[in-house]
Protein chains: 2
Amino acid sequence: MADTTAERILEEAMTAFGTRGYEATSLDDLAGEIGIRKQTILYWFPSKDALLEAVVDRCADEVTYRLVRGLDGASDGFGRVDAMVRAMFRLAARHPAILGVLREVARLGPPSSTRLLARIEPLIERASAFLQAEMDAGRMQHHEPRLLLLAAYSMVTGMATEVDVLRAFGEEPTLPSLLRRRDELLSLLRAALEP
Amino acid sequence: MADTTAERILEEAMTAFGTRGYEATSLDDLAGEIGIRKQTILYWFPSKDALLEAVVDRCADEVTYRLVRGLDGASDGFGRVDAMVRAMFRLAARHPAILGVLREVARLGPPSSTRLLARIEPLIERASAFLQAEMDAGRMQHHEPRLLLLAAYSMVTGMATEVDVLRAFGEEPTLPSLLRRRDELLSLLRAALEP
DNA sequence: GTCCTTGTCTACCAAATGGTAGACAGACCT
DNA sequence: AGGTCTGTCTACCATTTGGTAGACAAGGAC
């Protein structure tokens, strides 16, 4: 990764937007961190908005890739939910900024949020259908599938991104702590979902 | 409310910071919405940062007030959790921007996040102790209390604030939808917590 | 009436920011 | 060698933004 200039810009922008935020990241700062000039960024991406769009697309691809692997897992019932949650936390551990971008984009609202969600919606649809089928087959307790997904999404992004809040709740942003949070979330979901 | 100028500024700033975000709200815009000049804002609050601090304090007071009422409720076991969740959703329905401020402050990081969390930490401590006691008494399933609180917090703020995400999950930002989300969240928590 | 305080406003300002115009150096083709 | 294309840079620019200085009007205090 990061061999071409455009790639380096994209990577660094994802980190910056996902941690500091979009408005709080100036093109000058971003260029400085990469070791180039702002105009080089504007050569590869015609505007800051366009850069954000590229970051959103990259981010959507990454999340899709992870989640599809979770959805394609062999297990049934809660096992697949387990696999998806683990996939997301693995993503959070390896590239924390990505979940930050999700949250940032949701905060910024349209048009970037529209763009991101349009790309992810098929996944929501698939996951929702899977949950519904499992519930109907009696392998899971009955809940509203989409709202269940929404709750799970909120918990994952919350427990993976809000460092200061975590600190107030007695959790440090370390890997062991992240794993503990993951296991606690899985334990909650298991209690709520397994028959 | 909103009789004195300072009060009007505070109220409008809370709405703006909680919905559009801190950096995205300029003092000129804010003043325009109130119908005054920027310099009047700077007369009452020496700087934009100071205004944010005031908003944070006001927000912490509001949340504390609501949660304390939930914690002081008469019921035991899950009944009290139920009361607290309902209290937060009532807050979300009446003054949606407040939960937005919570999220925004968590995103901005120190020093505002430190300030907010210092004011709310006693509540976390109390709620945590309550949950632990209920679990020890066998009136709730065992979970890590602080992580459980963190999960609940994430779900409440997520399900109450992320309008665009909600829309992707098939929920409109209307009151009936909000109530449905609240009930779904309660149903999840009940399944995970009741013995 | 005079003075002081309070609250709001007009007039500016320095810094930062996204973006444009164009110079320039190297690679590549012919 | 000469011309062209690509990628990066220097030099600017217009606008926005948080903040300062100070004028000015209203209202008490005496």
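These numbers were taken from a predicted model, which means no experiment stands behind them. Chain identifiers are assigned alphabetically (A, B, ...) following the order of the sequence lines, protein sequences preceding nucleic acid strands; residue numbering begins at 1 within each chain. All values below were derived from every heavy atom in this structure, side-chain atoms included, with hydrogens, water molecules and symmetry-related copies excluded.
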Practice task
Looking only at side-chain atoms of A:I36, point me to the closest of C:dT8, D:dT20, D:dC9.
Solution key: D:dC9

Exercise for the section: For B:L42, report the nucleic acid contact type (base, sugar-phosphate, nothing); a contact means any heavy atom under 4.0 Å. Expected result: base

Problem - Distance in angstrom units between B:R37 CZ and D:dC24 P, rounded - result: 18 Å

Exercise for the section: For C:dT8, take OP1 and OP2 only and decide whether either is under 4.0 Å from a side-chain N or O of B:W44. Expected result: yes

Handout entry: Rounded interatomic separation in angstrom, taking CZ from A:R20 and P from C:dT17
Key = 11 Å

Handout entry: Minimum-distance nucleotide to A:S47 side chain [options: C:dG19, C:dT17, D:dG19]
Key = C:dG19

Exercise for the section: Answer yes or no: does a side-chain N or O of A:Y43 lie under 4.0 Å from OP1 or OP2 of D:dT8? Expected result: no

Problem - Atom-to-atom span, CG of B:D28 to P of D:dG19 - whole angstrom - result: 12 Å

Problem - C:dC9 OP1/OP2 closer than 4.0 Å to side-chain N/O of B:T40 - result: yes

Completion exercise
Taken to the nearest whole Å, CG/B:L30 to P/D:dG19 is 13 Å

Problem - Cationic N near anionic O, under 4.0 Å, A:R119 to A:E62 - result: no

Problem - d(CD1, B:I41; C1', D:dT17) in whole Å - result: 13 Å

Problem - Pairwise 5' ranking along DNA chain C for A:D29 and A:Q39, keeping only the more 5' one - result: A:D29

Practice task
Answer yes when A:E194 and A:R139 have at least one side-chain N-carboxylate O distance shorter than 4.0 Å, and no when they do not.
Solution key: no

Practice task
May I have the distance from B:E23 (atom CD) to D:dG18 (atom P), rounded to whole angstrom?
Solution key: 10 Å

Problem - B:R167/B:D164 salt bridge by N-O under 4.0 Å criterion - result: yes

Practice task
Go through the N and O atoms of the side chain of A:K38 and the base of C:dG18, and report whether any donor-acceptor pair is under 3.5 Å.
Solution key: yes

Practice task
Would you please confirm or rule out a distance under 4.0 Å between OP1 or OP2 of D:dT8 and any side-chain N or O of A:T5?
Solution key: yes

Exercise for the section: Taking all non-hydrogen atoms of both residues into account, name the closest pair between B:L52 and B:L108 and its distance. Expected result: CD2-CD1, 4.0 Å

